[in-house]
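Each remark here refers to the structure printed beneath this line.
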Amino acid sequence: MKKSMLLLSLLTLAWMSCEGPMGPPGEPGEGVLWKIYNYKVYDKDWKLVGRPGALGSYFMFEFKEPELTNFVCEKGNVFGYRWLDQNTQTPLGQVVVVGESDNQGNEFLFTEVYSFSFRPGYITFYIDYSDFATDIRPGTCDFRIVLNY
């Protein structure tokens, strides 16, 4: 009796595990594709928004990026980094606390904030200074963007 029950169970299991024909492929899932882009903003290319030294002034530079489609912007992930050197990067918005002094011993304390924004077709990088000392241009910066969609 045990052998016939085992045989009946195995036949039932084999019959239920059969597969039919393969259906059409579905839409790609989220997070399946990723791409990495490196950008360099030269010191001469930073655009000042506002007047030099004015409240609310900051620097920005915008790149055209066709890979930033509506789909990526709405359903994907966009991660931004700033290269500190050839081997080290830090996530954006990066806050850098700066202390400098002039030839007369006066100290100047401020922060630099590096950030980015994106929209379909464009990526924009920003530098904001807490003291709005935008009469001094920022240096060349290297950035990295990772798209995941």
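Keep in mind the model is a prediction, meaning the values are calculated, not measured.
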Any side-chain heavy-atom pair of Glu65 and Tyr122 under 4.5 Å: no
Between Arg137 and Asp43, is there a salt bridge with N-O shorter than 4.0 Å? no
State plainly whether one hydrophobic cluster holds both Leu84 and Ile127, where clusters connect Ile, Leu, Val, Met, Phe, Trp and Tyr through side-chain heavy atoms under 4.5 angstrom apart. no
Separation of Met60 CE from Ser115 OG (nearest 0.5 Å): 10.5 Å
Rounded distance [0.5 Å steps], OH in Tyr81 versus OG1 in Thr88: 14.0 Å
Least distance between heavy atoms, Ser57 atom then Phe132 atom: O-CD2, 3.6 Å
Atom CG of Asn70 and atom NZ of Lys75: how far apart are they, to the nearest 0.5 Å? 11.0 Å
State the CZ-CH2 distance between Phe125 and Trp46, to the nearest 0.5 angstrom. 7.5 Å
d(Phe63 CZ, Phe116 CZ) to nearest 0.5 Å is 13.5 Å
Grouping I, L, V, M, F, W and Y whenever their side-chain heavy atoms are under 4.5 Å apart, do Val113 and Val41 come out in a common cluster? no
For residues Lys35 and Tyr149, determine if any side-chain heavy atom of one lies less than 4.5 Å from a side-chain heavy atom of the other. yes
Are the side chains of Glu112 and Asp128 in contact, using a 4.5 Å heavy-atom criterion? no
Expected output: side-chain Thr124 to main-chain Glu62 donor-acceptor under 3.5 Å: no
Going through the checks in order, is the side chain to side chain donor-acceptor pair (under 3.5 Å) test met by Trp34 and Asn77? CA-CA 9 Å; Trp34 57 274; Asn77 297 305; over 6 Å; no
Rounded to the nearest 0.5 Å, what's the gap from CH2 on Trp83 to CG on Asp142? Could you check? 9.0 Å
Any link between Tyr114 and Phe118 through a network of hydrophobic side chains (Ile, Leu, Val, Met, Phe, Trp, Tyr) touching at under 4.5 Å? yes
Which atom of Cys141 lies closest to which atom of Arg82, heavy atoms considered: SG-NE, 4.1 Å
Is there a path from Ile123 to Tyr58 through hydrophobic residues (I, L, V, M, F, W, Y) whose side chains come within less than 4.5 Å of each other? no
So, applying side-chain contact (heavy atoms from CB on, under 4.5 Å) with Ile36, which one of Asn148, Leu147, Val146, Ile145 is it? Val146
Shortest non-hydrogen pair, Pro120 vs Cys73, comes out as N-SG, 3.5 Å
Quick one: does Tyr126's side chain get under 4.5 Å of Phe59's, heavy atoms only? no
Under 4.5 Å between side-chain heavy atoms, counting indirect links through other Ile/Leu/Val/Met/Phe/Trp/Tyr residues: same cluster for Tyr37 and Leu92 or not? yes
